[in-house]
Visitor: 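The structure's right below; bear with me while I get my questions together.
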Amino acid sequence: MGAVCFSEGKPNRARPGFLTEATANEGGFVLKGEKAFVLNADRASHLLVFAQLEASKGWEGLAAFVVEANADGVVIAPSVPTLGLNCVRSSSVHLNDVKVPADARVGGAGQDLTRAMLRFFAKEGLKTAARAVGLCQSALGTSLEYVSNRKAFGKPIGHFQAIAFTLADRSMDVDAARTLVWQAAARWDHHEAKPTSRSEKEALLASAFAISFALESAMKAGDCAVQLHGGAGFIRDYIVEKLMRDAKQLQVCFLTSEQADQIAATLELGLPLDPAVVLPTPETQSVFT
Ligand SMILES: Cc1cc2nc3c(=O)[nH]c(=O)nc-3n(C[C@H](O)[C@H](O)[C@H](O)COP(=O)(O)OP(=O)(O)OC[C@H]3O[C@@H](n4cnc5c(N)ncnc54)[C@H](O)[C@@H]3O)c2cc1C
């Protein structure tokens, strides 16, 4: 199993780029720094570590390395308790002067790597969006069953207009989110069959729409499902409280809906798409600390 070590707990205030550094040394590289929130770090055999190779180039000075999880200097911190998604664990990864050979470096350099990263964010984010569609569907199905069986004033509570309209809204969300995810996936298939900068832009834009909409829909679906279950929704006998907690994980675990919006707006405005769209710049770093 592999784990991706991208995020860092503390943003770099001095310049765009990571605090984790890679230094060329004896024909290979030495990695030093700390990565945060790494999913499955404690069970991975290999880590994909993003680090700053050339500080002066900002986000374009990044490099990626495959590191054996049991290499000297790699320390996986104990996993931290989380709000949801209890089936997996995330931990910090400390890299204490970890030596890797030259061929551990992957993914190119400069713009090639940053474009590849944006595609990676969009495609992985789309998988999160697909999970969000599943969560919406589950929340809706569970709610439909509950409001059909639970009665008040002699009729199922689903027959009251306030509840019926909520169900209608959440049904529309799930349908729209699923369609957006399929559309984005089709755009990537189209791009990969015949890659052009236009087809890449269309795939990135469709992914940003799908990610933003599906993640927001999942949170609404989880929240409404708990509400429609009343007090029962708050206790652990029913799945809906878990769905609500897991929905928040979807919203913050990878590309956030705000970052997806930012990608969509950048593409619509015709601005250059560089990783600073989703990664902090010196100007924004003070906002995020
Ligand atoms: C359970 C879990 C598992 C994770 N797994 C991994 C993993 O395996 N590997 C890994 O590397 N990371 C992992 N992460 C980290 C995850 O990718 C980040 O938490 C996520 O990308 C958000 O980054 P951040 O926490 O630095 O928040 P920040 O970037 O500090 O964002 C804080 C808030 O500001 C908003 N924001 C940020 N940038 C912008 C912008 N440009 N425009 C508008 N709003 C913005 C965000 O949407 C968010 O609401 C995981 C996180 C969690 C919770």
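In listed order, ligands and their atoms are each counted from 1. In what follows, residues are counted from 1 in the order of the sequence shown.
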Visitor: Minimum distance, heavy atoms only, to atom 10 (C) of ligand 1: which one of G2, G9, S7 is it?
Guide: S7

Visitor: Looking at ligand 1, does any of its N/O atoms fall within less than 3.5 Å of an N/O of E258?
Guide: yes

Visitor: Between F120 and F6 (judged by ring centroids, cut-off 6.0 Å), do the two rings come close enough to count as a pair?
Guide: no

Visitor: Please determine if F254 has a nitrogen or oxygen closer than 3.5 Å to a nitrogen or oxygen of ligand 1.
Guide: yes

Visitor: With sequence neighbours left out, write down each residue that passes ring pair (Phe, Tyr, Trp, His ring centres under 6.0 Å) with H229, or none if nothing qualifies.
Guide: Y146, Y238

Visitor: When you compare the side chain of L167 with that of L228, does any pair of heavy atoms fall below 4.5 Å?
Guide: yes

Visitor: So if I count the atoms of ligand 1 from 1 in the order they appear, which ones are less than 4.0 Å from some heavy atom of V38?
Guide: 7 (C), 8 (O)

Visitor: Do NZ/NE/NH1/NH2 and the carboxylate oxygens of K220 and D223 come within less than 4.0 Å?
Guide: no

Visitor: Taking side chain to side chain donor-acceptor pair (under 3.5 Å) as the definition, give me every residue that meets it alongside K201, ordered by chain and number, with sequence neighbours left out.
Guide: none

Visitor: Determine, for K123 against E192, whether the closest basic-nitrogen to carboxylate-oxygen distance falls under 4.0 angstrom.
Guide: yes

Visitor: Which of the atoms of ligand 1 are close to V4, meaning less than 4.0 Å from one of its heavy atoms?
Guide: 7 (C), 8 (O), 9 (N), 10 (C), 11 (O)

Visitor: Counting heavy atoms only, which of C253, A265, S257 is nearest atom 2 (C) of ligand 1?
Guide: C253

Visitor: Between Q249 and ligand 1, which part of the residue brings a heavy atom under 4.0 Å of the ligand: side chain, backbone, both or neither?
Guide: side chain

Visitor: Please determine if F6 has a nitrogen or oxygen closer than 3.5 Å to a nitrogen or oxygen of ligand 1.
Guide: yes

Visitor: Distance under 4.0 Å to a non-hydrogen atom of T256: what atoms of ligand 1 satisfy this?
Guide: 22 (C), 46 (C), 47 (O)

Visitor: Could an N or O of ligand 1 be found under 3.5 Å from any N or O of L39, whether backbone or side chain?
Guide: yes

Visitor: So does K127 pair up with E124, basic N to acidic O under 4.0 Å?
Guide: yes

Visitor: Inspect the contact between R245 and E241 and indicate whether a charged nitrogen and a carboxylate oxygen are less than 4.0 angstrom apart.
Guide: yes

Visitor: Can you tell me if V252 contacts ligand 1 (heavy atom of the residue under 4.0 Å from the ligand)?
Guide: yes

